[in-house]
Amino acid sequence: MKINLTSVFVDDQAHALRFYTETLGFVTKHDVPVGAGGDRWLTVVSPEAPDGTELLLEPSGHPAVGPYRAALAQDGIPAASFAVDDVRAEYERLRGLGVRFTQEPAEMGPVTTAVLDDTCGNLIQIMQGQ
């Protein structure tokens, strides 16, 4: 068994696609219209693993999503975690692009983490190590 797909809820799929590809550096894997409401089956992957785990940029229209995301954000809990080779370098690169961080790079035992705001309603952790 392996993880094939995971998701984050996003307020605006077009905005999320721009952020996740142009800012974070992922690449679009699938972009398929679904239903009459304009929603899409929209996934991105790491350019280093184009056949690896996909991240679904899931529309946040379900009524349970708002309270769930608000509670996570209020408690500072990231919705997802992405591995990077060098947290401090990625932190500086993303800050240079205007990304807001809620946690600067911090060593936590064998890992170094930082937490950013994805501008789509989520906190995202980047981590190095293990």
Side-chain angles (χ1 to χ4, degrees):
M1 189 176 305
K2 65 180 182 175
I3 297 170
N4 181 58
L5 176 82
T6 190
S7 63
V8 292
F9 292 108
V10 298
D11 300 325
D12 178 318
Q13 285 186 300
H15 174 79
L17 181 60
R18 283 189 304 277
F19 182 82
Y20 278 80
T21 57
E22 296 173 14
T23 303
L24 296 185
F26 291 102
V27 294
T28 304
K29 177 80 174 197
H30 297 286
D31 188 352
V32 180
V34 291
D39 290 339
R40 299 143 64 182
W41 180 260
L42 183 57
T43 68
V44 296
V45 294
S46 168
E48 298 169 12
D51 295 321
T53 304
E54 296 177 47
L55 178 67
L56 175 63
L57 304 176
E58 180 99 27
S60 62
H62 190 282
V65 173
Y68 166 75
R69 289 196 318 173
L72 289 180
Q74 181 173 339
D75 290 344
I77 299 171
S81 181
F82 303 143
V84 298
D85 291 331
D86 184 333
V87 166
R88 292 182 198 295
E90 193 64 12
Y91 169 82
E92 292 300 333
R93 181 186 80 80
L94 292 172
R95 279 196 46 205
L97 294 172
V99 174
R100 184 179 74 83
F101 279 79
T102 62
Q103 177 204 306
E104 295 182 1
E107 293 182 16
M108 299 182 177
V111 299
T112 301
T113 66
V115 178
L116 62 93
D117 178 342
D118 76 351
T119 73
C120 305
N122 305 291
L123 297 178
I124 302 294
Q125 177 177 271
I126 57 173
M127 68 171 285
Q128 162 194 344
Q130 265 188 324

Salt-bridge present (R88, E104; N to O < 4.0 Å): no
P78 versus G76, closest heavy-atom pair with distance: CD-O, 3.4 Å
I'd like to check M127 versus V84 (side-chain heavy atoms, cut-off strictly below 4.5 Å). Are they in contact? no
Please evaluate residues D11 and R69 with respect to the criterion salt bridge (charged side-chain N to carboxylate O under 4.0 Å, His left out), reporting the C-alpha separation (whole Å), side-chain torsions for both, the decisive distance (0.1 Å), and the verdict. CA-CA 11 Å; D11 300 325; R69 289 196 318 173; 2.2 Å; yes
Is it true that Y20 and D118 share a donor-acceptor pair across their side chains at a distance under 3.5 Å? yes
Hydrophobic clustering (ILVMFWY, side-chain heavy atoms < 4.5 Å, transitive) - are L17 and V32 grouped together? no
Donor-acceptor pair, distance only, cut-off 3.5 Å: does the side chain of E54 make one with the backbone of N4? no
Point-to-point distance, once rounded to the nearest 0.5 Å, from NE2 of H15 to CZ of R18: 6.5 Å
Using the rule that Ile, Leu, Val, Met, Phe, Trp and Tyr join whenever any side-chain heavy atoms are under 4.5 Å apart, tell me whether V44 and L97 fall into a single cluster. yes
Report the distance from atom CG of D31 to atom CZ of R40, rounding to the nearest 0.5 Å. 4.0 Å
Side chains of L116 and I126 in contact at under 4.5 Å (non-hydrogen atoms): yes
Within this structure, what is the CD-CG distance for the pair Q13 and D39, rounded to the nearest 0.5 Å? 5.5 Å
Of all heavy-atom pairs linking T112 and E107, the shortest is OG1-CG, 3.7 Å
CG/D85: more than 12 non-hydrogen atoms of other groups inside 6.0 Å: no
State, yes or no, whether a side-chain contact exists between T28 and T21 at a heavy-atom distance under 4.5 Å. yes
Should L55 and F82 count as side-chain neighbours, where that means a heavy-atom distance under 4.5 Å? yes
When clusters are formed by joining ILVMFWY residues with side-chain heavy atoms under 4.5 Å apart, either directly or through shared neighbours, do L123 and F9 land in the same one? no
What closest approach, in Å, do Q128 and D86 show between heavy atoms, and which atom pair accounts for it? OE1-CA, 3.3 Å
Spatial distance of atom OG1 (T119) from atom CG (D117) [nearest 0.5 Å]: 6.5 Å
With a 4.5 Å limit on heavy-atom distance, are the side chains of L56 and T6 in contact? no
If you define the side chain from C-beta out and look only at heavy atoms, does anything of R95 sit under 4.5 Å from F101? yes
When clusters are formed by joining ILVMFWY residues with side-chain heavy atoms under 4.5 Å apart, either directly or through shared neighbours, do L42 and V27 land in the same one? no
Linking I/L/V/M/F/W/Y whenever any side-chain heavy atoms sit under 4.5 Å apart, do V10 and F26 land together? yes
Quick one: closest heavy-atom pair of A80 and V8, and the distance? CB-CG1, 4.0 Å
Measuring from N122:CG to L72:CG, what's the distance to the nearest 0.5 Å? 8.5 Å
Quick one: OG1 on T43 to CG on L57, what's the gap to the nearest 0.5 Å? 8.0 Å
With a 4.5 Å cut-off on side-chain heavy atoms, are V115 and I124 touching? no
Within-4.5 Å side-chain heavy-atom neighbours: T23 and V99: yes
N-O pairing of D51 and K29 below 4.0 Å: yes
